[in-house]
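Report on the following structure.
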Amino acid sequence: MIEPNRHYTELQDSYFFLELSRRSEEYLTAHPGAHIYKLGIGDVSQPLCPAVIAALHEAVDDQSTMEHFHGYLLESGTQFLREAIAQHYARRGVTVAEDEVFISSGAGDELGEILDLFDPVSRALVIEPAYPAYVDTNIMSGREIVHLPAGRDCGFLPLPDGDLDADLIYICSPNNPTGAAFPREKLQAWVDFANRRGAVILFDAAYEAFIEDADVPHSIFEIPGAETCAIEICSLSKTAGFTGTRLGYTVLPKALKRGGMSLNAMWMRNRTTRTNGVSYILQKGAAAVFTPEGQRQIREQIAVYKHNAKTLMAALDKTGLWYCGGRNAPYLWMQCPDGMDSWSFFDLLLEKAQIVGTPGVGFGACGEGYFRFTIFGSPDDTQEAAKRLAELF
Ligand code: MLT
């Protein structure tokens with residue numbers, strides 16, 4: 001009989017965000033007709049922008065004619081989209097070659113699949129609180145995890161210390177869930193550390209479009225030396241509302257080598273075996289995001305979410321509760337009142353104000369006693385939730 005992968009027994013029974021939906025559904029079943037204000041999972045509420053919709057329609061039409069029809073495409077992505085992304089980096093002063101860009105079906109998928117490149121006996125360092133998939137995917141592949149707890153003392157932005165024994169380093173900046181964002185010099189410290197150790201940084205840049213502060217890099221490749229130690233994983237989910245459409249991209253420099261092997265060449269080899277790529281239609285829609293019109297339209301959408309952030313921050317200011325985030329990232333991270341634990345606060349908010357947020361403990365043990373709000377809700381719901389929050393405290 002074949003043995004199953006027993007590392008699955010080390011996982012929690014259900015994925016954290018699934019548990020969150022389950023508890024919300026349970027509330028709705030017990031309170032038929034109730035409306036809940038969803039500030040929990042970071043799912044967007046605004047539709048795709050007109051430039052993307054027009055490109056998607058056009059791509060569907062292309063697939064209906066002999067002349068413009070596309071069958072199989074390059075597994076790493078179409079040239080037009082990889083070029084558009086490389087040019088997007090160039091406009092920020094970052095040189096990325098088109099064959100260093102890989103199109104994916106989203107950052108969530110890619111964060112798990114990229115682990116194929118590394119020895120399962122390597123050690124993965126996760127700065128916590130953290131997006132739970134970093135831990136789950138490494139458990140599934142049997143990798144040892146080094147948990148690095150971060151707290152208010154360092155603004156949730158710890159620096160590497162010489163004793164850290166890690167081969168793979170997860171950095172999410174701007175951060176999910178805390179909203180903290182690494183300034184240039186702190187990110188440089190991690191890049192130097194990774195290069196010294198021969199480690200690789202998996203840089204999750206899913207929230208870069210929300211950055212406001214000038215000293216916060218949008219890409220790790222703005223940092224000297226990153227091209228020899230980092231892989232950047234990005235997504236259009238939050239940048240352009242693609243959570244239900246699915247498209248992301250990974251930048252893997254050709255200068256990144258370990259054990260004499262090129263990780264870029266290995267990833268190309270992996271992609272050609274593991275996937276037939278992302279559909280032509282979605283890649284056309286994604287390319288529209290990088291046009292001047294697309295960029296203008298997504299900025300307008302992000303402004304809607306930024307307004308939500310201000311609404312929630314004003315409400316939290318009134319409560320006097322401690323919080324951070326909301327400026328460079330689409331998340332607000334607050335301390336639960338009166339020493340409450342995260343799930344008790346979740347229940348209280350749901351029962352008393354019909355607000356669903358995300359318990360901090362779902363992002364690691366050091367998130368206990370904290371709570372996260374997303375700014376991706378509809379403006380009306382966010383406004384009402386903010387009012388209820390302020391009234392409750
Ligand atoms: C979150 O709420 O943390 C994210 O939306 C989850 C995700 O991107 O998968």
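In each ligand, atom 1 is the first atom listed, and ligand 1 is the first ligand listed. Index from 1, following the sequence. Keep in mind the model is a prediction, meaning the values are calculated, not measured.
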Would you check if the side chain of E19 reaches a backbone N or O of Y15 as a donor-acceptor pair within less than 3.5 Å? no

Looking at ligand 1, does any of its N/O atoms fall within less than 3.5 Å of an N/O of Y207? no

Is it the case that the side chain of R299 and the backbone of G294 share a donor-acceptor pair, with hydrogens and angles ignored and the cut-off at 3.5 Å? no

Can you tell me which portion of N176 lies within the under-4.0 Å heavy-atom range of ligand 1? Options are side chain, backbone, both, or neither. side chain

Do the side-chain N and O atoms of N175 and Y131 include a donor-acceptor pair separated by under 3.5 angstrom? no

If we number the atoms of ligand 1 from 1 as shown, the ones under 4.0 Å from a heavy atom of Y331 are 1 (C), 2 (O), 3 (O), 4 (C), 5 (O)

Taking the non-hydrogen atoms of F17, is any one of them nearer than 4.0 angstrom to ligand 1? yes

Within the 4.0 Å heavy-atom shell around G42, which atoms of ligand 1 are there? 1 (C), 2 (O), 5 (O)

Numbered atoms and elements of ligand 1 in range of Y131, under 4.0 angstrom, heavy atoms: 6 (C), 7 (C), 8 (O), 9 (O)

Please tell me whether T272 and E75 have a donor and an acceptor in their side chains that are separated by less than 3.5 angstrom. no

For atom 5 (O) of ligand 1, the protein heavy atom that lies nearest, with its residue and separation: K238 NZ, 2.8 Å

Side chain of R372, backbone of T358: donor and acceptor closer than 3.5 Å? no

Are any side-chain N or O atoms of K186 and backbone N or O atoms of L157, one a donor and one an acceptor, separated by less than 3.5 Å? yes

Walk me through whether Y331 and Y207 qualify under side-chain hydrogen bond (donor to acceptor under 3.5 Å, both in side chains). CA-CA 10 Å; Y331 299 114; Y207 304 104; 2.9 Å; yes

Numbering the atoms of ligand 1 from 1, which are under 4.0 Å from a heavy atom of I41? 2 (O), 5 (O)

Select one of side chain, backbone, both or neither to describe which atoms of F16 lie under 4.0 Å from any atom of ligand 1, heavy atoms only. neither

